[in-house]
Structure formats: structure tokens, C-alpha cells
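Reading through the C-alpha cells given below for one structure.
Sequence lines set the chain letters: A, B, ... in the order given, protein chains first and strands last, and positions in each chain run from 1.
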There are 2 protein chains.
Amino acid sequence: MEFRKNQSAGYLLNHLARIFARGLSARIKPLGLTTGTFPALLELWETDGLTQKQLVERLDIEQATMANTLSRMERDGLISRRKDESDGRVQRVWLSERARALRAPAISAALAENEDALSGLSAVEQQQFVALMQKVIETSSGAVDGER
Amino acid sequence: MEFRKNQSAGYLLNHLARIFARGLSARIKPLGLTTGTFPALLELWETDGLTQKQLVERLDIEQATMANTLSRMERDGLISRRKDESDGRVQRVWLSERARALRAPAISAALAENEDALSGLSAVEQQQFVALMQKVIETSSGAVDGER
DNA sequence: AGCACTTGTATAGCAAGCTATGCAATGCTA
DNA sequence: TAGCATTGCATAGCTTGCTATACAAGTGCT
């Protein structure tokens, strides 16, 4: 049985994701942010007032995880959740002033982490890498419509 | 501030790692295995009797996580941990017969998941993708000596 | 209108990741 | 040899991911 962990995409992806997450976590910790809040914040910075369901769909994250993440974010003063006016089941998520103020430093941290972690690749290789990842995501069953 | 999540390596890696983990998890569940046990099993299938510390180093996983994972594996009858003969602090990890018997089906599952998830890439692109990931790992501060 | 079905969200539980801490064993130095 | 520093591992706690379940609100059908 021929199996080499460093030839396995699944193994390498898990390892890389952990490396990046550690790096990002260290950079955003001084901002009082954690990695799990980041994707949600990215969406909300673009469009405030999204429903939890919209976040779930856009980010391909399970509903229960999102509910828990949003609870923590509300606990930490990043968001508030308010019931939608026309549908009593729906919660809309609104950013706090604090969260809005964190946009620039948080994004700087993420860009710096990406730059740092990819510094061993040439500019062309970096583009290739990103393009290949995009393609795998688009062609996998986990694809989220309109991911861009 | 120009930030697009689908241009961010960190974001894409987190997403891909989750997609692969979901797929692998579903495939190894019937074997009674979970994704976190997989890397440790891979190492132990190659070399039985490794210490926890060796596993931690080889896999770039934090000691506490490894201790907990090994506890669960022992609970599930996959391994046993025994004190080293010459150093009272050291625990050596030994595979059970059950774990040995799971090697072939588990590796088949992983190979199938990789093949499936990467099916949208050509053979050349797949090689490129793996090579790029290897390179990022090797050049990052998370590199593990002799990873192969 | 009443009921069955669907939808959106919260909660419980487990795994897997990390940081922090504690304790026993070992190694080093005066 | 004794004291201190270091090492290996277990445990606590939190976050982040998933599956499963429960409940209320909403929708659609008869």
C-alpha cells in the first residue's frame, strides 16, 4: 500500500490550514479577534445586516457553528443580532462600531500573514497556487455559488 | 482596503481543508475512525512504538492535542500507551491488532477522497498543486524536518 | 381554518485544534 | 549530593468544526 503523507492533498491541506491559522491567530489576537470570527466579519464588513442563513451559505460553514460563532461575537461586542421585521424566525446580524473600526487592521493582518506564509513562492507560483485552490473549490461538492 | 476572500490563501486553505476533512470523515466513519486519528495512525503504521513527542514533532501537532487524541485512540481500542523502559516520563504508543487491520481500508479511503476532491484538476495540475503545497510548507516556519 | 410540512435558529455533544498550567522524571551544575 | 533547570505528558479551558435534536415561526394544502 503506497501512501505518502506529503503526497496527499488532504494531509497537506490540513497542515497548511493549521500553519496559516496559527499565524493569523497570533496577528489578530491583539485586536481581540479570533480566526473563526474572521470570515463572518469579512462578509459583514461588505454587507451589514445579513441573516445567519446568508452567512452560512456564503461561507459554507454549518449552521450550528455559525450560531455559536455569532453568540461569541455578540458576547465580545462585535455584533448584535436582531429579529427581522417580516419573519419572526430570522435574525439579522449588525456590526458594532468596534467591529467596524477593526476592519483595516484586521485585513492588514490577514494580508501580512498571507504574504509571509507564501514568501517562499515566486509571484507566478503564488498566483498559480491561488488559482488551483479556487479551481478545486469550484469543482468540489463543497462549492458555494458565487464564491469570489 | 482591497481584500477578496477568494484571493486570500489563508481563507482558501481553511475552506479546502474543511471540504477535504468532511469527505474523509464520511469515508472513514464506517471504519470507526475519525480524522484526527489519521495522521497518528499513518506514522504508527510505518513505525510502531513511537513516543508521543516523536508524533508531535513529525506531525507538527501540539502536545496537548496529541495527548488528547491518543487518549481517545486508546479508549477506542486503537492503541495502547506504555511507559518507556529507560525514561519514566516517556510513553510509547503501540498499535492494536484492530488498528493494524484498518490500515488498508483507511488508506484506500484517503486515496479515494483525494482523487475525488481533485477530480476537477488535470493530472499536471494535481502534481503542481501538491508540489506548491509542499513548497509552502517547507518554506514556512511550520516546517517539520524530514517531512516526506 | 386546521394541520402537515418546511424553515431558521438555538442547544447539546463530540472531535480537533490551540494556549496555559501542573506534576513527576531526568539532567546539569556547584 | 542537593538544588535547580529542563523535559514529557496529562489536564483544564476555550475556540472551531461537525452531526443531531428541539422549538417556534412560516408556508402550503385540503
ILVMFWY network linking B:Leu41 to B:Ile107, side-chain heavy atoms under 4.5 angstrom:
yes
Return the nearest nucleotide to the side chain of A:Gln52; candidates are C:dT9, D:dG8, C:dG17.
C:dT9
Taking atom C1' of C:dA15 as reference, at what distance in whole Å does atom CD1 of B:Ile61 sit?
13 Å
Please report, rounded to the nearest Å, how far the P atom of D:dA22 is from the CD atom of A:Gln63.
15 Å
Rounded to whole Å, CG of B:Asn68 lies from C1' of D:dC14 at a distance of 13 Å
Taking the side chain as every heavy atom from C-beta outward, state whether A:Asp76 and A:Leu33 have any atom pair closer than 4.5 Å.
no
Rounded to whole angstroms, how far apart are CZ on A:Arg72 and P on C:dA10?
13 Å
If you look at every strand shown and take non-hydrogen atoms under 4.0 Å, does A:Arg75 touch a base, only sugar-phosphate, or nothing?
sugar-phosphate
Say whether B:Ser71 and B:Arg81, considering side chains only, have a donor N or O and an acceptor N or O under 3.5 Å apart.
yes
Heavy atoms only, 4.0 Å cut-off, all strands: where does B:Thr34 land among base, sugar-phosphate and nothing?
sugar-phosphate
Please write out the pairs of protein N or O atoms and N or O atoms of nucleotides 24-27 of chain D separated by less than 3.5 Å, giving the distance to one decimal.
| residue | atom | partner | partner atom | Å |
| --- | --- | --- | --- | --- |
| D:dA25 | O3' | A:Gly88 | N | 3.2 |
| D:dG26 | OP1 | A:Gly88 | N | 2.4 |

For A:Ala64, which contact category applies under a 4.0 Å heavy-atom criterion: base, sugar-phosphate, or nothing?
base
Report yes if at least one side-chain N or O of A:Gln91 is closer than 4.0 Å to OP1 or OP2 of C:dA10; otherwise report no.
yes
Where the side chain of A:Glu57 meets the backbone of A:Gln54, is there a donor-acceptor pair that is under 3.5 Å apart?
no
Rounded interatomic separation in angstrom, taking CZ from A:Phe38 and C1' from C:dC18
18 Å
Are the charged groups of A:Glu138 and A:Lys135 less than 4.0 angstrom apart, N to O?
no
Going by distance alone, is a donor N or O of one side chain under 3.5 Å from an acceptor N or O of the other, for B:Thr69 and B:Arg72?
yes
Give A:Thr69 one of three labels, base, sugar-phosphate or nothing, depending on what nucleic acid heavy atoms sit under 4.0 Å from its own.
nothing
Rounded to whole Å, the CG-C1' distance (B:Asp76 to C:dA15) equals 11 Å
Specify the separation, in whole Å, of atom CG of A:Asp60 and atom C1' of D:dC18.
12 Å
Under 4.0 Å, heavy atoms only, any strand: does B:Glu62 hit a base, just the sugar-phosphate, or nothing?
base
Once the angle between the rings of A:Phe3 and B:Phe38 is folded into 0 to 90°, is it parallel (under 30°), tilted (30 to 60°) or perpendicular (over 60°)?
perpendicular
Result for 5'-nearest mapping on DNA chain D, choosing between B:Ser71 and A:Thr37, is B:Ser71
Please state how far atom CG in B:Asn14 lies from atom C1' in C:dA16, giving the value in whole angstrom units.
13 Å
Are A:Arg92 and A:Asp87 ion-paired here, with the side-chain N under 4.0 Å from a carboxylate O?
no
With the side chain of A:Arg18 defined as its heavy atoms from C-beta on, choose the nearest nucleotide among D:dG17, D:dA20, C:dC18.
C:dC18
NA contact type, A:Arg92, heavy-atom cut-off 4.0 Å: base, sugar-phosphate, or nothing?
nothing
When you check the phosphate oxygens OP1 and OP2 of C:dG17, does a side-chain N or O of A:Arg22 lie under 4.0 Å from one of them?
no
